[in-house]
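Excluded from the calculations below are hydrogen atoms, water molecules and symmetry mates; all remaining heavy atoms, backbone and side chain alike, are included. Residue numbers begin at 1 in each chain, while the letters A, B, ... track the order of the sequences.
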Amino acid sequence: MYKILKKQVLNPTVTLMEIESPLVAAKAQPGQFIILRVDAEGERIPLTVADFDREQGSVTIIFQIVGATTEKLNRLNPGDFLQDFVGPLGKPTHTDGLKKVAVVGGGVGCAIAYPVAKKLHQQGCEVHTIVGFRSEDLIILKEEFKSVSAMYALMTDDGSAGEKGLVTDALRRLIESGERYDQVIAIGPLVMMKFVAKLTKEYGIPTVVSMNPIMIDGTGMCGGCRLTVGGQTKFACVDGPDFDGFEVDFDEAMARSAMYKDFERRAHEEACNLFKGVE
Amino acid sequence: MPNMSLKKNEMPSQKPDIRNKNFLEVALGYTQEQALDEAKRCLNCKNRPCVSGCPVQVRIPEFIEKTAAGDCEGAYQVIAQSSSLPAVCGRVCPQENQCEKHCVRGVKGEPVAIGRLERFVADWHNQHKQDAVHKPAPNGHKVAVVGSGPAGLTCAGDLARLGYEVTVFEALHTAGGVLVYGIPEFRLPKAIVQKEIDGLKAMGVKIETNMVIGRVLSIDELLAQGFEAVFIGSGAGLPKFMNIPGENLKGVYSANEFLTRVNLMKAYREGSDTPIQQAKKVAVVGGGNVAMDAARCAKRLGAEEVTIVYRRSEQELPARAEEVEHAKEEGIIFELLKNPTKILGDENGSVCGMECLEMTLGEPDASGRRRPVEKPGSEFVLDVDCVVMAIGTSPNPLIKSTTEGLETQKWGGILVEEATGLTSRENVYAGGDAVTGAATVILAMGAGKTAAGAIHRQLQGEMGGCPQA
Ligand SMILES: Cc1cc2nc3c(=O)[nH]c(=O)nc-3n(C[C@H](O)[C@H](O)[C@H](O)COP(=O)(O)OP(=O)(O)OC[C@H]3O[C@@H](n4cnc5c(N)ncnc54)[C@H](O)[C@@H]3O)c2cc1C
Ligand SMILES: Cc1cc2nc3c(=O)[nH]c(=O)nc-3n(C[C@H](O)[C@H](O)[C@H](O)COP(=O)(O)OP(=O)(O)OC[C@H]3O[C@@H](n4cnc5c(N)ncnc54)[C@H](O)[C@@H]3O)c2cc1C
Ligand code: SF4
Ligand code: SF4
Ligand code: FES
């Protein structure tokens with residue numbers, strides 16, 4: 001059992017938690033993830049290691065409430081326990097030798113992007129952060145990003161904060177104004193990553209994307225997380241989650257991620273009704 | 001007076017049209033009378049041909065003799081000396097290729113039902129006897145076991161009995177390996193596996209779940225933490241795909257994913273948190289136990305039509321004969337001598353068909369089985385909305401890639417010294433599917449036993465004690 005040490009609501013649908021888990025904290029690197037189960041009957045879900053404290057032996061997760069399991073997770077409080085918490089899984093993000101990087105985050109993808117931006121900053125890389133949200137109330141990690149970025153651009157779909165537009169608009173402007181990036185790291189919804197990669201390909205800037213397909217075991221055993229990358233089948237949980245953005249078949253990934261949409265919608269409604277009944 | 005009936009006593013089972021809608025155990029087990037009667041078919045042969053067919057040399061005539069005499073506990077004790085998982089092996093061993101293959105009664109008629117008797121004896125013991133918890137005096141030595149399948153559990157059990165302090169590290173949240181995530185409840189009730197694991201815990205074995213070795217801790221870190229030897233029983237869990245077009249469509253599963261969702265995550269239960277597709281027409285590609293299990297699960301989940309697609313003929317089906325028979329009784333369709341070439345998708349990226357080719361059998365290949373050859377122009381489309389690939393697995397490369405100096409075969413199997421299970425790394429042993437590739441429960445168990453013996457001899461030697469065989 002893994003104790004919840006801290007809980008913080010970042011916005012109406014995004015929550016941060018710190019979990020006591022010394023073994024994961026000891027090894028975790030930016031870009032890696034954990035798999036957790038809330039209770040003994042629970043589903044296994046992957047979440048990125050958003051931060052870690054090796055001394056305290058704790059790992060931070062930031063999750064968006066999208067379905068039944070994240071809903072259940074969000075009902076827990078400091079002092080409660082998680083049934084299972086395993087990691088760190090996946091390969092760490094490759095950051096060696098990078099001098100200037102644009103980190104592009106979309107929505108809750110910012111939770112995954114932040115530890116990478118922080119690590120780049122700590123190793124002396126110039127980080128330009130571009131983040132996008134639907135609207136002002138959904139913004140997360142603004143101060144955190146600012147503290148590790150030489151430049152921070154905030155975009156919203158409706159213009160309620162920052163600039164109205166898409167992250168790709170900002171990225172194109174920066175590139176065209178002469179910024180030279182060694183690499184672009186894009187983490188967010190599949191459509192966003194697809195269009196970032198399309199844009200950077202025009203300019204030939206190497207681009208890494210972080211893929212979040214549906215997973216079960218996270219150890220390479222089920223193949224449920226498979227993607228087509230450069231015409232080859234890859235397992236995101238062991239070969240990734242980071243991949244070359246120019247090589248990923250995003251359309252296939254988008255279709256696969258919708259596999260259980262109907263089931264999830266029903267499960268979510270049931271979970272919500274259940275909780276409503278309790279309150 | 002021996003029972004000279006040419007046929008085995010039939011196994012009482014749930015009726016096919018009832019059991020193919022539930023996940024309860026199919027075979028119900030012999031009654032005491034049926035078991036005694038079957039046991040009397042054994043001729044107690046002097047040269048014991050049956051024993052030579054059993055990978056762990058269970059003393060078959062002896063346990064059957066005791067069963068025939070009504071001494072079930074005595075019979076159990078005989079089996080327990082050779083096998084640590086009799087309730088499991090009695091259910092899942094491919095007996096027709098092992099012990100029963102060599103039984104003299106099989107020359108004319110059916111062999112003695114050795115597996116069913118083994119199961120009877122083990123179940124009887126489990127129902128009637130409380131194993132006295134015997135916690136051996138610790139000998140002060142620590143051994144780590146990676147993986148909690150039959151290989152790891154057997155190795156852990158044998159070492160714990162000798163007084164070792166054993167910790168089992170398991171990647172998943174539940175111990176048991178394929179016995180819990182692969183083989184379905186209706187063939188091997190999980191309570192049986194749990195009982196074995198509880199038995200080990202009572203003996204003092206520590207089981208640490210959520211421990212992906214190679215990520216959370218490495219083999220070298222285990223050694224550095226004071227484990228004097230490590231046994232790797234990590235199985236062969238990496239699923240193969242065919243690399244044909246359409247394999248990443250929605251509705252294509254590896255058998256591992258399909259079975260894990262159903263067994264480990266209990267997706268068959270109403271209200272389970274883990275989803276599984278409600279498919280109408282399912283094709284399962286492959287002909288082994290894994291394929292039979294996936295097909296029978298799909299049927300039980302409510303599919304109207306489930307088809308096994310296998311590229312050789314019935315004779316070559318690698319699954320246990322009993323499972324093939326059960327599958328047929330349950331209404332599974334067999335498309336033999338067919339091979340998929342392409343999976344077809346609709347506009348949403350979901351499976352809507354599978355194109356196959358007919359095959360004929362040519363010359364025998366390296367495995368001695370006749371090689372399937374395509375019949376050109378014989379394409380046809382199977383109308384399906386779900387495809388399960390059950391064409392084999394190989395060892396997961398995670399441990400190899402994080403353990404320097406651990407040598408493997410090209411296909412991933414860990415290289416070991418056969419008599420001991422010792423790998424190319426000092427104090428590191430391996431066995432089971434991780435070494436052989438996908439094989440059987442009994443072979444994995446045997447490998448766990450061999451390694452436990454070798455680890456004991458090695459550590460005894462180092463202790464300065466006299467090495468025991
Ligand atoms: C490596 C990895 C790292 C991740 N890191 C984070 C993270 O740091 N923070 C975070 O909020 N989420 C992250 N995710 C996504 C997270 O795992 C899913 O949101 C979660 O599994 C949803 O569970 P649920 O039961 O609440 O929702 P469900 O009921 O399972 O799903 C609700 C909706 O989300 C979709 N969905 C389900 N699983 C995923 C998925 N894996 N990716 C995208 N959409 C999905 C479903 O199709 C459905 O529409 C990550 C996923 C992966 C694979
Ligand atoms: C569906 C199915 C049906 C089968 N039916 C039969 C049958 O009827 N009869 C028969 O004899 N055989 C059958 N088999 C084969 C048999 O189950 C295997 O040969 C046997 O389980 C192998 O045992 P093992 O201990 O080597 O590995 P496994 O049982 O595979 O156990 C390995 C364990 O190691 C864990 N692990 C893997 N990597 C790591 C890591 N890095 N760190 C920690 N833990 C790790 C895994 O999670 C797993 O729990 C079947 C197999 C399947 C999949
Ligand atoms: S362990 Fe398997 S092979 Fe050996 S006697 Fe029992 S059923 Fe037969
Ligand atoms: S070969 Fe058959 S009849 Fe002979 S001892 Fe073995 S089980 Fe009995
Ligand atoms: S999640 Fe099962 S193989 Fe990646």
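For the set A:Ala253, A:Gly220, A:Gly223, A:Gly224, the count of heavy-atom pairs under 4.5 angstrom toward chain B peaks at A:Gly220. Your options are B:Leu264, B:Asn256, B:Thr393, B:Asn348, and the one with the most heavy-atom pairs under 4.5 Å with chain A is B:Asn256. The greatest number of non-hydrogen atom pairs below 4.5 Å with chain A, out of B:Arg269, B:Met265, B:Arg261, is found for B:Arg261. Among the candidates A:Arg44, A:Glu41, A:Gln83, the residue making the largest number of heavy-atom pairs closer than 4.5 Å to chain B is A:Arg44.
More than 12 heavy atoms of other residues, nucleotides or ligands shown are found within 6.0 angstrom of NZ on B:Lys190. Atom NZ of B:Lys266 sits in a crowded spot, with more than 12 heavy atoms from other residues, nucleotides or ligands closer than 6.0 Å.
Side-chain contact between A:Arg226 and B:Asn248: present, with at least one pair of heavy atoms (C-beta onward) separated by less than 4.5 Å. At least one side-chain heavy atom of B:Leu217 sits under 4.5 Å from a side-chain heavy atom of A:Leu23. Contact annotation: the side chain of A:Thr233 never approaches that of B:Glu247 to less than 4.5 Å [non-hydrogen atoms, C-beta and beyond]. Side-chain atoms of A:Ile216 and B:Glu257, non-hydrogen and from C-beta on, do get closer than 4.5 Å to each other.
Looking at B:Lys250, both its backbone and its side chain come within 4.5 Å of chain A, counting heavy atoms on both sides. Using a 4.5 Å cut-off between heavy atoms, A:Glu252 contacts chain B through its side chain alone, with no backbone atom that close. Only the side chain of B:Phe241 comes within contact range of chain A, with at least one heavy atom under 4.5 Å from a heavy atom of that chain. Only the side chain of A:Phe235 comes within contact range of chain B, judged by heavy atoms closer than 4.5 Å. Contacts between B:Ser218 and chain A at a heavy-atom distance below 4.5 Å involve the backbone alone (N, CA, C, O). With a 4.5 angstrom heavy-atom cutoff, A:Leu89 touches chain B via backbone and side-chain atoms both. Within the 4.5 angstrom heavy-atom criterion, only backbone atoms of A:Leu227 (N, CA, C, O) approach chain B.
With values rounded to the nearest 0.5 angstrom, B:Phe258 atom CZ is found 13.5 Å from A:Cys222 atom SG. To the nearest 0.5 Å, atoms CE (A:Met221) and OG1 (B:Thr260) are separated by 3.5 Å.
Salt-bridge annotation for B:Asp273 and A:Arg37: absent, with no side-chain N of the basic residue lying under 4.0 Å from a carboxylate O of the acidic one. Ionic pairing of B:Glu221 and A:Lys27 is present here: one or more N-O contacts between side-chain nitrogen and carboxylate oxygen are shorter than 4.0 angstrom.
Residues A:Glu43 and B:Pro275 approach most closely at OE2-CD, 3.6 Å, considering heavy atoms. When all heavy atoms are compared, the tightest approach of B:Leu249 to A:Arg256 is O-NH1, 3.4 Å. The two residues B:Asn210 and A:Phe85 make their nearest non-hydrogen contact at ND2-N, 3.8 Å.
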**Message:** Go through it in stages, so that I can follow the logic: the residues are B:Leu172 and A:Asp217, the test is side-chain contact (heavy atoms from CB on, under 4.5 Å), and I'd like the CA-CA distance, side-chain angles, deciding distance and then a yes or no.
**Reply:** CA-CA 7 Å; B:Leu172 295 173; A:Asp217 57 301; 4.0 Å; yes
**Prompt:** Hey, mind stepping through A:Val86 and B:Met211 against side-chain contact (heavy atoms from CB on, under 4.5 Å) and telling me if it holds?
**Reply:** CA-CA 7 Å; A:Val86 52; B:Met211 284 292 200; over 6 Å; no
